[in-house]
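Read the structure below first, then the notes.
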Amino acid sequence: MTREPRFGALAADARWQAAWEAANSFATTDTADKPKAYILEMFPYPSGRIHMGHVRNYAMGDVLARFKRMTGHDVLHPMGWDAFGMPAENAAMEKGVHPGGWTRDNIASMRGQLKRLGLAIDWSRELATCDPDYYGQEQALFLDLFAAGLVTRKESYVNWDPVDMTVLANEQVIDGRGWRSGALVEKKKLSQWFLKITDFADDLLEGLGGLDSWPDKVRLMQENWIGKSQGLEFSFKLVGGAAGFDVFTTRPDTLFGASFAAISPDHPMAERMAQDAPELAEFIAECRRQGTSAEQLETGEKLGFDTGLTVEHPLDPALHLPVWVVNYVLMDYGTGAIFGCPAHDQRDLDFARKYELPVYRVIADSDETAHHFTGDEAYTGPGKLVNSHFLDGMTIDEAKAAIVSRAEHEGWGKGTTVWRLRDWGVSRQRYWGTPIPFIHCHSCGTVPVPKDQLPVVLPEDVDFSISGNPLDRHPTWKHVRCPSCGGDAVRETDTLDTFVDSSWYFLRFASSPSDRPFDPDVVRRWLPVDQYIGGVEHAILHLLYARFWTRALHKMGMIDIVEPFASLFTQGMVTHETYSREQGEGLPPLYFTPDEITRTADGATLTADAAAVQVGRVIKMSKSKKNVVDPDAILDQYGADAARWFMLSDSPPERDLPWSEAGIEGAWRFVQRLWRLFGDTENIGDGGEDKALARKLHQAIAGVGTDIEALGFNKAVAKIHALANDIEKAKPSATRAEACLTLIRLVAPMMPHLAEEAWAALPAQQRVTTLIADAAWPTADPALLVDDEVTIAIQMAGKLRDTMTLAKGLDKDTVEAAALARPRIAELLGGATPKKVIVVPDRLVNIVP
RNA sequence: GCGGACGUGGCGAAAUCGGUAGACGCAGCAGACUUAAAAUCUGCCGGCCUAGUGUCAUGCGGGUUCAAGUCCCGCCGUCCGCACCA
């Protein structure tokens, strides 16, 4: 092949992508003697086009996958589509297209875009969750979960749009109104399917402790979400003998500080009393109105309604506490009722001060032990119990234990654990999702669809021009025979939450037999995923649900592992500055896209009228701010390798990456610079060695490898730049020629097309494999990783005063003597003897005068 | 309100264990090559001054240490998550 003076990225991209496909380069080898590496990026939703965030995510995963191949791993690196969900139905309603057609078209075009990036993906494993082959197996797993008692049906509220006759997701409710119809949203009670994730609350919490290679931030977010609280649950008796209600507290130690009891406006007792108390009914209605408005929550004013009822204090029946209905008690946490201890809870104190209720001190951290508590700041710190009868003098923990044991002994309460985590409601009253495989029969009740009748396939002939769930309205689909009695019955018309689809796809990538969800033996080989990469927006729900499914399948004996993702990495966003002009009072600014703009050193102008525009902050690329850059346009202009290189450069991968035209141009120039260097693999000069360059080369081999392994791509990029600089500056030698050759392999994971092109242009004897995709990562020579001379800093009183170059590994006395012999140091010391000399071998000498 | 992360040149950032702060890139400046431009190459590129192997500098103020961007305490700011969780 004749070597072109410039690297033709477009032709090369297509050529090597075809070559990899022809050679089936990225299929797993399934050779047992190689260690496995399962590299997975979160699969995309097929929204239409890929965006720069995808490019960054998949570039990172790809570098790691290619590096693992080069270092002798059997790599599983698959791609698929999270293909069910609401946008497809929205498109159907807006554009009159079919959700399935819209989704499949999007997949086709996005697949094409991803392939242009040259990703080392085993495309034979591609899957889409909207494919019956996939969701049919999901239905089978759902039936298994049902059989294992992990699926239940419960009544639950949904947001109901009375105009569109549809259920709305929380994010579709804006200021209490449906986003499309603008109608006031109602709460409607429906019978829905739930997965019992709360059965695993403790396991999911404990399991976080073992996830060492997950970001602390994500573990903390999951911990808070699961929200374990331990405390006491007990019953209040109403004065007068009527049945009371249960309360939960995490502070049973403060029980003698109780001055009122409070129940939620949604508490059944409050609702019952409201039936013959119009004022209470009005108060409850008022609380519910406020609940929807975000600003009201911000201000957080405590409101209450005195029911006139009183309850007995459990440890002192003579003491009666008033019962209030209170807006800050939530029905869906704990028991929906509390006792108020204003001295030691800020919310209770705010409330008590407003309604002039008594405030009793029961915890003291100083000499101040007065029963009457003053001030507007509750004391929530440590201390000893006071004014609390048999608890006096105990620590908080001792008092908690004493109360719990007394309550349990006397039978009026018990120690309990309360979780913030709720069971996972998976019913969606929508068409474009996995049909829930159940049948409702008048005589037999709710019956699972027999497995041999799976998949329950979505009907294609659906109509989105009328409102409501198309499955429910479909003329024939839902009418079936009961599998149990053979009588008339109807199908469940709810579909599964799309988070179910993404809770097990990593298993199906590893193994996808046609007759069952996966083959346990194959799953055993590949799972867990060694490195999972995706956006932090999935820190809670997706990652928690996937962990739950893995544990559930483990409990059912279907898989060996309990955690699906051994190592998790959450990457930052791609950002861009914004360009806008003010449109005057009360109007939003007018935004411009980057291609409408001419950027100069100190500002930006609109190309069309050459007048200035305002350059705004660097923020996440979004359509509304128009600060988006289309990956296809970048690939057309610069090719895949420049785009990949820029994505990996400069910013640490967990941080946001500011996209800039100058940045991608810099990447492009570097691609060309490397191309020129790669032409020098035979230029050996006089054939001599260059020891200094050899060191730099081998340090780079080791350093770049370490950085890639740790996902420190920006550091790997910097080291490659530095090496390229060193090679360019070096005189031709055998070492330099070898460095040029080795550099091709060092950049191969990041710039695979350039590397293949350079590899193919090498003389045959220099190529050890046909494709560089099959080449091995170079080995660093340990002897060359350390320098034999070191520069040692000489400090006086911590300030740098001189440096000296010495042989590596000299003992402290020699180094100290050398430092003190330096003329500059002698001059500064002026003949005085230093008080102290600290020597850090091979690093520095610090002289304390 | 609670929890967390972060704060280093004009910009993105390095500094792996407390040991020479600013590697590498972008932008900029000066020069070479060129009829010219692009490309390419060379050099410079935190502040201050008395111009030195000077001095100050890692958000601000303290502390520990021979030595602090790094550890500790207190502020300020930015971003993220959760939010009346009993």
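Here is how names work: the chains are called A, B, and so on, in the same order as the sequence lines, proteins then strands, and each is numbered from 1. Because the structure is a prediction, the values reported are computed rather than measured.
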(request) Determine the Euclidean distance between corresponding P atoms of B:G25 and B:C41; express it in Å to zero decimal places. (result) 11 Å

(request) Verify the contact: side-chain N or O of A:Arg669 to OP1 or OP2 of B:A27, cut-off strictly under 4.0 Å; return yes or no. (result) yes

(request) To the nearest Å, give me how far apart NE2 (A:His721) and C1' (B:A13) are. (result) 13 Å

(message) Rounded to whole Å, please give me the gap between CG in A:Asp656 and P in B:C80.
(response) 9 Å

(request) Name the closest nucleotide to the A:Pro658 side chain, picking from B:G12, B:A83, B:G54. (result) B:G12

(request) Classify the glycosidic conformation of B:C71 as syn or anti, calling it syn when the angle lies within 90° of 0. (result) anti

(message) What I want to find out is whether A:Asp345 reaches A:Arg251 closely enough, with some N-O distance under 4.0 Å, to be called a salt bridge.
(response) no

(request) Ignoring the backbone of A:Ala722, work out which of B:C24, B:C85, B:C41 is nearest its side chain. (result) B:C24

(request) Could you check how far CG of A:Asp266 sits from C1' of B:C84, rounded to whole Å? (result) 14 Å

(request) Pick the P atom in B:A23 and in B:U8, then give their distance to the nearest Å. (result) 16 Å

(message) So A:Asn846, base contact, sugar-phosphate only, or nothing? Heavy-atom distance under 4.0 Å.
(response) base

(message) Checking contacts here: which listed nucleotide (B:C84, B:C66, B:U20) is nearest the side-chain heavy atoms of A:Asn327?
(response) B:C84

(request) Determine, using ring centers only, whether A:Phe499 and A:Trp424 are less than 6.0 Å apart. (result) no

(request) Can you tell me, in whole Å, how much space there is between the P of B:C48 and that of B:C33? (result) 33 Å

(request) Give a yes/no on whether any side-chain N or O of A:Arg655 is located under 4.0 angstrom from OP1 or OP2 of B:C80. (result) no

(message) At less than 4.0 Å, is any side-chain N or O atom of A:Lys836 found next to OP1 or OP2 of B:C66? Yes or no.
(response) yes

(request) Answer with base, sugar-phosphate or nothing: what part of the nucleic acid does A:Leu220 contact at a heavy-atom distance below 4.0 Å? (result) sugar-phosphate

(message) Looking only at the aromatic ring of each residue, does the gap between the centers of A:His313 and A:Phe339 stay below 6.0 angstrom?
(response) no

(request) Please figure out whether A:Ser651 or A:Lys715 has its closest RNA chain B nucleotide nearer the 5' end. (result) A:Ser651

(request) Inspect the contact between A:Arg347 and A:Asp350 and indicate whether a charged nitrogen and a carboxylate oxygen are less than 4.0 angstrom apart. (result) no

(message) Counting only Watson-Crick pairs (N1-N3 plus N6-O4 or O6-N4) and G-U wobbles (N1-O2, O6-N3), all under 3.5 Å, who is the partner of B:G7?
(response) B:C76

(message) From OH of A:Tyr333 over to C1' of B:C85, roughly how many Å is that when rounded to an integer?
(response) 4 Å

(request) May I have the distance from A:Leu648 (atom CG) to B:C24 (atom P), rounded to whole angstrom? (result) 20 Å

(message) If the threshold is 4.0 Å, N to carboxylate O, is there a salt bridge linking A:Arg822 and A:Asp802?
(response) yes

(request) For A:Val840, report the nucleic acid contact type (base, sugar-phosphate, nothing); a contact means any heavy atom under 4.0 Å. (result) base

(request) Measure from CG on A:Leu711 to P on B:U16 and round the result to the nearest Å. (result) 18 Å

(request) If B:U16 has a Watson-Crick or G-U wobble mate with both distances under 3.5 Å, name it; if not, just say none. (result) none

(message) Output the rounded distance in Å from NZ (A:Lys799) to P (B:C56).
(response) 5 Å

(message) So A:Val329, base contact, sugar-phosphate only, or nothing? Heavy-atom distance under 4.0 Å.
(response) base

(request) Determine: side-chain N/O of A:Asn725 to OP1/OP2 of B:G25, distance under 4.0 Å, yes or no. (result) yes

(request) Identify whether any heavy atom of A:Asn714 sits under 4.0 Å from a base atom; if not, whether one sits that close to sugar-phosphate; answer base, sugar-phosphate or nothing. (result) sugar-phosphate

(request) Ignoring hydrogens and angles, answer whether the base of B:C84 and the side-chain atoms of A:Lys302 contain a donor-acceptor pair closer than 3.5 Å. (result) yes

(request) Determine which nucleotide pairs with B:A39, using a 3.5 Å limit on both distances of a Watson-Crick or G-U wobble pair. (result) none

(message) Nearest to the A:Gln795 side chain among B:G19, B:C66, B:C84, which nucleotide is it?
(response) B:G19

(message) Determine whether the aromatic ring centres of residues A:Trp412 and A:Phe234 are separated by less than 6.0 angstrom.
(response) yes

(request) Name the closest nucleotide to the A:Thr250 side chain, picking from B:A14, B:G3, B:A86. (result) B:A86

(message) By nearest atom, which of the nucleotides B:C66, B:G54, B:C85 is closest to the A:Ile838 side chain?
(response) B:C66

(message) Measuring only the P atom in each nucleotide, how far is B:G7 from B:C71? A whole number of Å is fine.
(response) 11 Å

(message) What contact category does A:Asp216 fall into here, base, sugar-phosphate, or nothing, at under 4.0 angstrom with non-hydrogen atoms?
(response) nothing

(request) With P as the reference atom in both, quote the distance from B:G69 to B:C60 in angstrom, rounded to an integer. (result) 12 Å

(request) May I ask you to say what A:Thr249 touches in the nucleic acid, namely base, sugar-phosphate or nothing, with a heavy-atom cut-off under 4.0 Å? (result) sugar-phosphate

(request) Report the base-pairing partner of B:G69 (Watson-Crick or G-U wobble, both distances below 3.5 angstrom), or none. (result) none

(request) Can you spot which of A:Met52, A:Gln571, A:Met60 makes a side-chain contact (heavy atoms from CB on, under 4.5 Å) with A:Met647? (result) A:Met52

(message) On RNA chain B, compare the nucleotides closest to A:Met221 and A:Val848; which residue's is nearer the 5' end?
(response) A:Val848

(request) For B:U35 and B:C29, measure between their C1' atoms and round to the nearest Å. (result) 25 Å

(message) Is there a side-chain contact between A:Val837 and A:Val845 in this structure, where contact means two heavy atoms from C-beta onward sitting under 4.5 Å apart?
(response) yes

(request) Remember a base hit wins even if backbone is also touched, and classify A:Thr791 as base, sugar-phosphate or nothing at under 4.0 Å, heavy atoms. (result) base

(request) Give a yes/no on whether any side-chain N or O of A:Arg673 is located under 4.0 angstrom from OP1 or OP2 of B:A39. (result) no

(request) Would you mind classifying the nucleic acid contact of A:Arg843 as base, sugar-phosphate or nothing, using non-hydrogen atoms under 4.0 angstrom? (result) sugar-phosphate

(request) Taking syn as within 90° of 0 and anti otherwise, name the glycosidic form of B:G9. (result) syn

(message) Aromatic contact between A:Phe305 and A:Trp324, with the criterion being ring centroids under 6.0 Å apart: yes or no?
(response) no

(request) Provide the distance between the two P atoms, one in B:C17 and one in B:C56, to the nearest whole Å. (result) 28 Å

(message) Starting the side chain at C-beta, find the nucleotide from B:A86, B:A27, B:A13 nearest to A:Phe248.
(response) B:A86

(request) Write down the distance between NZ (A:Lys228) and P (B:C82), rounded to a whole number of angstrom. (result) 23 Å

(request) With P as the reference atom in both, quote the distance from B:G59 to B:G10 in angstrom, rounded to an integer. (result) 13 Å

(message) Assess whether a salt bridge exists between A:Lys620 and A:Asp656, defined as any Lys/Arg side-chain N lying under 4.0 Å from an Asp/Glu carboxylate O.
(response) no

(request) Could you check which of B:C84, B:G54, B:C24 has an atom nearest any side-chain atom of A:Ala718? (result) B:C24

(message) Measuring from the side chain of A:Glu728 (C-beta onward, heavy atoms only), which nucleotide among B:G12, B:C85, B:C41 has the closest atom?
(response) B:C41

